[in-house]
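A short write-up of the structure that comes next.
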Amino acid sequence: MKYLFYISLIFCTLSCNEAIEKPKELLSEDQMSQMIADFAINDQQYVIGTNINSENSTRYILKKYKVKGELFTKSYEYYMTKPDVIKNILDDAQKIIIVKDPKADGFIKKKLKESGNLPAQAR
């Protein structure tokens, strides 16, 4: 009986198509890249400047793209279950940051060298 339970559990696990269901409204990969780039820039401004309100900055970015926080979060969670897709999104976000601030290129290369073989989402 115990073995039947384990075998059933394995089949149930393997029969799942996706870890997280695709949201009804999914942000495009391009829009995710742009928003992640803006969030990263916002994060660095928060580290540098002590007078910056990160919550207001986050709301501004969401308002700029006309996206609710819940939609961004669900889209991000969905893309995180797809390693190749999230890697492309994060690589594109990195390119957007470099275009907006060419000086960031050296910093990014230095951090990539330090991080070694970490996956894109963990850098």
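All values below come from the heavy atoms of this structure, side chains included, with hydrogens, waters and symmetry mates left out.
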Indicate if Val85 and Phe39 have the same hydrophobic cluster label, given that clusters are the connected sets of ILVMFWY residues with side-chain heavy-atom separations under 4.5 angstrom.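 Cluster IDs for Val85 and Phe39 match.
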For [X], check side chain to side chain contact (heavy atoms under 4.5 Å, CB included) against everything at least two apart and list the hits.
X      : value
Gln31  : Leu27, Ser28, Met35, Tyr65, Val67
Lys95  : Asp92
Asp101 : Lys103, Ala104

As a quick check of understanding, evaluate side-chain hydrogen bond (donor to acceptor under 3.5 Å, both in side chains) for Asp38 and Gln34, giving each step before the final call. CA-CA 6 Å; Asp38 281 351; Gln34 292 171 5; over 6 Å; no
Test log, rule side-chain contact (heavy atoms from CB on, under 4.5 Å), inputs Phe72 and Met32: CA-CA 8 Å; Phe72 176 81; Met32 286 294 294; 3.7 Å; yes
Taking side chain to side chain donor-acceptor pair (under 3.5 Å) as the test, write out the residues that go with [X], two or more places apart.
X     : value
Asn88 : none
Glu55 : Arg59
Lys68 : none

Give a yes or no on this: more than 12 heavy atoms of other residues, nucleotides or ligands lie within 6.0 Å of atom NZ of Lys109.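 No - once you tally the heavy atoms of other residues, nucleotides and ligands closer than 6.0 Å, there are 12 at most.
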Holding to salt bridge (charged side-chain N to carboxylate O under 4.0 Å, His left out), I want the full list of residues that pass it with Glu70, two or more places apart in sequence or in another chain.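 Applying salt bridge (charged side-chain N to carboxylate O under 4.0 Å, His left out) to Glu70 gives Lys74.
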Gap between atom [atom2] of [Y] and atom [atom1] of [X] - 0.5 Å precision:
X     : Y     : atom1 : atom2 : result
Tyr76 : Ile86 : OH    : CD1   : 5.0 Å
Asn42 : Ile61 : CG    : CD1   : 4.5 Å
Glu29 : Ile36 : CD    : CD1   : 10.5 Å
Leu26 : Glu21 : CG    : CD    : 13.0 Å

For a side-chain contact (heavy atoms from CB on, under 4.5 Å) check, start with the C-alpha distance between Lys87 and Asp91, then their side-chain angles and the critical distance, and finish with the verdict. CA-CA 6 Å; Lys87 182 183 181 319; Asp91 288 344; 2.8 Å; yes
Ring pair (Phe, Tyr, Trp, His ring centres under 6.0 Å) partners for Tyr79, two or more places apart: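 Per chain and number, Tyr79 pairs via ring pair (Phe, Tyr, Trp, His ring centres under 6.0 Å) with no residue.
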For residues Ala37 and Ala93, report the shortest heavy-atom separation together with the two atoms involved.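 In terms of heavy atoms, the two residues are closest at CB-O, 3.6 Å.
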